[in-house]
Number of protein chains: 2
Amino acid sequence: MADQHELRDKGLRLTPQRELVLAAVRELGHATPEEVAEKVRQTHPGINLSTVYRNLETLENVGLVQHTHLGHGGATYHAAEELTHLHLVCGVCGSVGDAPIDVAANFVNALADDYGFKTDVTHFAVYGTCSACFAAESK
Amino acid sequence: MADQHELRDKGLRLTPQRELVLAAVRELGHATPEEVAEKVRQTHPGINLSTVYRNLETLENVGLVQHTHLGHGGATYHAAEELTHLHLVCGVCGSVGDAPIDVAANFVNALADDYGFKTDVTHFAVYGTCSACFAAESK
DNA sequence: TGAGACTTGCAAGTAACTCGCAATTAGGCT
DNA sequence: AGCCTAATTGCGAGTTACTTGCAAGTCTCA
């Protein structure tokens, strides 16, 4: 029942929709609001898209999920506990790879030291060309 | 007249709209399509927004401009020759700072060595909190 | 100068959210 | 256990930021 309490603990009401949205985000890893809605509809067909949007926002406010910009405009949501990696988005094939935050540690520190800028590397994706596409491209 | 040839050289037709869009991007540094349109309207009031979008796309295809995602969904355009810096977007105040690409060199290399991922650091903004907001936040 | 391809302007269309509001429902209280 | 109030949901309309189809206009090259 820890699952029921984490929402209550944050001062949120425990509604089926809310639980399902959170569960969907966790299960999907990273997903657009649309994908979350689709997932939730498997068990709760009537859920409205705006409810999904509002719940994602609410859950984000209390720190249970976070969104990341992977490009093209739309945001994708992650469970907060999974946000331990950064996203490598390939501009050619569109794939999204992961890399541990550590690889960016130097970069983050440099920005902090030189510009006082406190970087959240997970919020935006890192754009480039993945190894597969790079190999294909340069052939 | 080099200005007229650079478009022709790329195999593009030289239309007033096209020139003005390119000039606007250069003058504005970084701008949304909407801002480009507004700028162009100062000298060419009738220009249509879709013409701006299409020209930005065309100019991007031939490498004269590039777009960057600064968050919130919209893209901003830059003249290709100005893309020598990365963008530090503050999530609190929304300001966009610049930093030379060099600070990311280590990071880019690490990604290349460990993941074969060829990063284009200028394409996506770097998200975080600027020094001013960080100071204000932690008070 | 003339033909043909490329461009533009315009209007309608689409995608992805956002907002207002009435009906519903969770939770604390008694 | 039942009630009351505020939070939440569903729904429809509205908004924002582009995208697309097409006819009319314009640039190039021969």
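Residue numbering restarts at 1 for every chain, and letters A, B, ... go by the order of the sequence lines.
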Student: Which whole-number value in Å describes the distance from B/E35 CD to D/dA17 C1'?
Tutor: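 Interatomic distance, CD of B/E35 to C1' of D/dA17: 13 Å.
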Student: Just the rounded figure in Å: distance from P of C/dT14 to CD of A/E34.
Tutor: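 Whole-Å distance recorded here is 16 Å.
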Student: Considering residues at least two apart in sequence or located in another chain, which fulfil the side chain to side chain contact (heavy atoms under 4.5 Å, CB included) criterion with A/L12?
Tutor: A/L7, A/K10, A/R18, A/T58, A/L59, A/V62
Student: Using the salt bridge (Lys or Arg N to Asp or Glu O under 4.0 Å) rule, collect all pairs that involve residues 86-105 of chain B, keeping only residues at least two apart or in two chains.
Tutor: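 Output for this query is empty, none listed.
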Student: Send over the distance from B/E60 CD to D/dT19 C1', rounded to a whole Å.
Tutor: 16 Å
Student: Under 3.5 Å, which donor-acceptor pairs do the side chains of residues 112-122 of chain B form with other protein atoms, sequence neighbours left out?
Tutor:
from, atom 1, to, atom 2, distance (Å)
B/D120, OD1, B/T122, N, 3.1
B/D120, OD1, B/T122, OG1, 2.8

Student: Below the 4.0 Å mark, does D/dG10 have OP1 or OP2 next to a side-chain nitrogen or oxygen of A/Q17?
Tutor: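 Yes.
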Student: Applying side chain to side chain donor-acceptor pair (under 3.5 Å), name anything that partners B/E60, two or more places apart in sequence or on another chain.
Tutor: B/H67
Student: Can you tell me the distance, in whole Å, between the CG atom of B/L56 and the C1' atom of D/dA17?
Tutor: 13 Å
Student: Using a cut-off of 4.0 Å between protein heavy atoms and nucleotide atoms, how would you tag nucleotides 20-30 of chain C 5' to 3' with B, S and -?
Tutor: B----BBSS--
Student: Who are the side chain to side chain contact (heavy atoms under 4.5 Å, CB included) partners of A/E81, not counting sequence neighbours?
Tutor: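 Expected list: A/R26, A/A79.
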Student: Closer than 4.0 Å, any side-chain N/O of A/H44 to the OP1 or OP2 of D/dG10?
Tutor: yes
Student: Report whether B/L86 and A/L88 are members of the same hydrophobic cluster (ILVMFWY, side-chain heavy atoms less than 4.5 Å apart, transitive linking).
Tutor: yes
Student: Check the distance between C/dC19's P and A/E57's CD and give it to me in whole angstrom.
Tutor: 8 Å
Student: Report the distance from atom NZ of B/K10 to atom C1' of C/dC6, rounded to the nearest whole Å.
Tutor: 19 Å
Student: If you fit an axis to the five pairs at each end of the helix from C/dT1-D/dA30 to C/dT30-D/dA1, how big is the angle between those two axes, to 10 degrees?
Tutor: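 The angle separating the two end axes equals 30°.
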Student: List for me each residue that meets ring-ring contact (aromatic ring centres under 6.0 Å, His included) alongside A/Y53, sequence neighbours excluded, and say none if there are none.
Tutor: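 A/Y53 satisfies ring-ring contact (aromatic ring centres under 6.0 Å, His included) with no other residue.
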Student: How would you list, by chain and number, every residue that makes a side chain to side chain contact (heavy atoms under 4.5 Å, CB included) with A/T32, sequence neighbours excluded?
Tutor: A/E34, A/E35, A/T76
Student: Reckon B/L49 touches a base, only the sugar-phosphate, or nothing at all at heavy-atom distances under 4.0 Å?
Tutor: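 No contact.
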Student: If you measure from CD1 on A/I47 to CG on A/L20, what distance do you get to the nearest 0.5 Å?
Tutor: 6.5 Å
Student: Does B/E38 have any salt bridge (Lys or Arg N to Asp or Glu O under 4.0 Å) partners at least two apart in sequence or in another chain, and if so, which?
Tutor: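 Result, salt bridge (Lys or Arg N to Asp or Glu O under 4.0 Å) vs B/E38: none returned.
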Student: Protein-nucleotides 14-16 of chain D N/O pairs closer than 3.5 Å?
Tutor:
none

Student: Whole Å only: how far is the OH atom of B/Y53 from the P atom of D/dA17?
Tutor: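 Rounding to the nearest Å, OH of B/Y53 and P of D/dA17 are 7 Å apart.
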Student: Which residues pass the ring-ring contact (aromatic ring centres under 6.0 Å, His included) test with A/H85, sequence neighbours left out?
Tutor: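 Residues passing ring-ring contact (aromatic ring centres under 6.0 Å, His included) with A/H85: A/H87.
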Student: Whole angstroms only, please: what is the CG-P distance between B/N48 and D/dG21?
Tutor: 16 Å
Student: Between B/L14 and B/L56, is there shared hydrophobic-cluster membership here, with clusters defined by ILVMFWY side-chain heavy atoms closer than 4.5 Å?
Tutor: yes
Student: Taking only side-chain nitrogens and oxygens of A/N55, does any of them come within less than 4.0 Å of OP1 or OP2 of D/dT9?
Tutor: yes
